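I have placed the structure first, in the form of structure tokens, so that the comments after it can refer back to it.
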Amino acid sequence: MKILVLGGGGREHALVWKLIESPRVEKIWCAPGNGGIAAEAECVAIDAGDVAAIVAFAEKVHPDLTIVGPELPLVNGLTDAFRQRNWAIVGPLQQAAQLEGSKIFSKEFLVRHGIPTAKMYGTFDTPAEAYKALPSVAWPAVIKADGLCAGKGVFLAPDFAAATDFIERVMEKNELGPGGKRILLEETLEGEELSFIILTDGNRYAPLVPTRDHKRVFDGDQGPNTGGMGAYSSDELLPDGLREIIRSRIVEPTLTGLAADSIRYQGFLYIGLMLTKSGPKVLEFNCRLGDPEAQAILARADFDLAEVLTDAATGCLDPTKLRWKPGASACLVLTSGGYPGKFESGKRIEGLTSVAHITGVKMLHAGTKLAGEEVVTNGGRVLGVTAAAAALEDSLALAYAAASRIHFEGMHYRKDIGAHATHLKAAGD
Ligand code: AMP
């Protein structure tokens, strides 16, 4: 098989890593890829959001399967363009990708189908209407820009003044661009978050192993939100009772709701959940794998990814083929100093060869590029040190030991990835 992978982060490196393990894979292109992917696949300098350029490239090389990492190509209609040509692709059509592309579309979908979610106070097309609604909400409240805003579109407003300021920046000053033209105001939920991702062919589905990610930049969940500072997966995240509730109250009503709305959904569907005292509630849908959740998930994959994804793209997914390594996995994200604010790129990364052969550890590249013989930083999130082991503590220990051998100027990473789960376990909770 010849496979085209779209994207250039740690998630895409994880996909490439597992795809090349398949005996049926002969060639992988990755657009645009990164400094680590370049060692395992042919990187092509095409922007993953550029539908026309990707179609033109696929026309030339005829991949047997295309796998979309990020949301932008899906929201821009890449799958529609591929399906019109009968080319196999993993990822939903543009209409279905609205579950991620429009927070209002997704909230209305959840409400229409009675799927548990945060109470909606209202949706607003003008700042005047939004300001008028503020006196009647409970604080803190959550404000969400409707469209894609590169992770900056959700604001937990502590009070009226902060909410007014956010609405002004988003709706009047257009600080987030067109994604902020409409907003959604909703109740704040409390609890632990859980990422529950399924793979579906539009008919059958298979759940992936559960993960939890860490969004804030500093230990103890301090500092601003990031694209993700780390993630871990362990079966203990999802006791059987909770798995059953998620299946019956969330996953299956979502799939039934999509069918009732005549929306065919094929690909990965990421369900972001808040485990509240009154049960799991949907925070968000994403139309793709999460990053860094994908790294932790794929580290536990014990099946032929190329085969399973071909099945999903061609409507014959067999959920029993997805087998998982027992135990746990973890991914620590090493970032450039200053991220998610301003940071410098082009810093030489040292220590990569010394971790290349540690059993159970895989260095997944995100913001890196090759500069001659060297690998240098090229983004905020630089590397994802990923490890799998029999227990969460062991996978964390492996990942932290490997991270301590890597160095680049300004490097930062959280020291408490997975710590909450291991504390709970130690306390017998
Ligand atoms: P979203 O992109 O909608 O998932 O929002 C990003 C993050 O904001 C989530 O992972 C949560 O941490 C937080 N969040 C979103 N909606 C809510 C809510 N209703 N209550 C509390 N936190 C929320």
Side-chain angles (χ1 to χ4, degrees), residues 11 70-72 74-75 97-111 115-124 133-134 137-159 162-163 166-167 170 176-177 179-180 182-197 210-218 220-232 237 246 250 254 268-294 296 333 340 414 417 420:
R11 167 183 49 208
E71 62 280 13
L72 193 59
L74 301 168
V75 172
Q98 286 299 298
L99 281 183
E100 174 164 4
S102 165
K103 301 262 187 217
I104 295 175
F105 176 94
S106 116
K107 181 59 93 181
E108 287 171 348
F109 172 87
L110 289 162
V111 172
I115 300 164
T117 185
K119 190 173 104 191
M120 176 169 69
Y121 295 129
T123 63
F124 307 100
L134 293 181
V137 311
W139 303 104
V142 177
I143 308 176
K144 297 183 175 182
D146 182 47
L148 296 181
C149 293
K152 298 199 170 84
V154 176
F155 180 60
L156 184 68
D159 53 33
F166 183 76
I167 294 168
V170 171
L176 299 179
R182 302 178 73 200
I183 62 160
L184 164 72
L185 193 57
E186 71 179 29
E187 162 202 26
T188 298
L189 297 177
E190 281 175 27
E192 297 271 5
E193 291 186 41
L194 182 76
S195 304
F196 193 87
I197 307 178
T211 48
R212 180 163 289 151
D213 75 337
H214 299 259
K215 282 257 184 288
R216 303 293 192 101
V217 70
F218 299 124
D221 290 333
Q222 301 297 308
N225 263 331
T226 68
M229 296 298 293
Y232 64 94
L237 276 171
I246 292 173
I250 291 171
T254 297
F268 293 102
L269 177 63
Y270 174 124
I271 309 175
L273 297 169
M274 186 72 93
L275 307 178
T276 73
K277 285 202 180 98
S278 52
K281 296 189 178 176
V282 177
L283 287 173
E284 63 166 336
F285 288 118
N286 292 328
C287 56
R288 35 118 192 138
L289 284 167
D291 182 337
E293 290 91 333
V333 175
R414 275 181 65 159
I417 301 303
H420 183 56

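By convention here, the first residue in the shown sequence is residue 1. Just so you know, these numbers come straight off a predicted model, no measurement behind them. In listed order, ligands and their atoms are each counted from 1.
- Between F155 and F166, the ring planes lie parallel to each other; the angle is under 30°, not in the 30° to 60° tilted range.
- The number of heavy atoms from other shown groups lying within 6.0 Å of NZ (K152) does not exceed 12.
- Closest heavy-atom approach to atom 14 (N) of ligand 1 among the candidates V282, D213, L283: L283.
- The proximity of V142 to ligand 1, defined as any non-hydrogen pair under 4.0 Å, is limited to the side chain.
- Counting only heavy atoms of the protein, atom 2 (O) of ligand 1 lies nearest to K103 NZ, 2.8 Å.
- Ranking protein heavy atoms by distance to atom 12 (O) of ligand 1, first place goes to E193 OE2, 2.4 Å.
- Looking at atom 6 (C) of ligand 1, its nearest protein heavy atom turns out to be V154 CG2, 4.0 Å.
- Regarding atom 22 (N) of ligand 1, its nearest protein heavy-atom neighbour is M274 CE, 3.9 Å.
- Between T188 and ligand 1, not a single N/O pair is under 3.5 Å apart.
- Atom 16 (N) of ligand 1 has as its closest protein heavy atom K144 NZ, 3.0 Å.
- Considering only heavy atoms from C-beta on, K107 stays 4.5 Å or farther from T123 through its side chain.
- Nearest non-hydrogen protein atom to atom 20 (N) of ligand 1 is L189 N, 2.8 Å.
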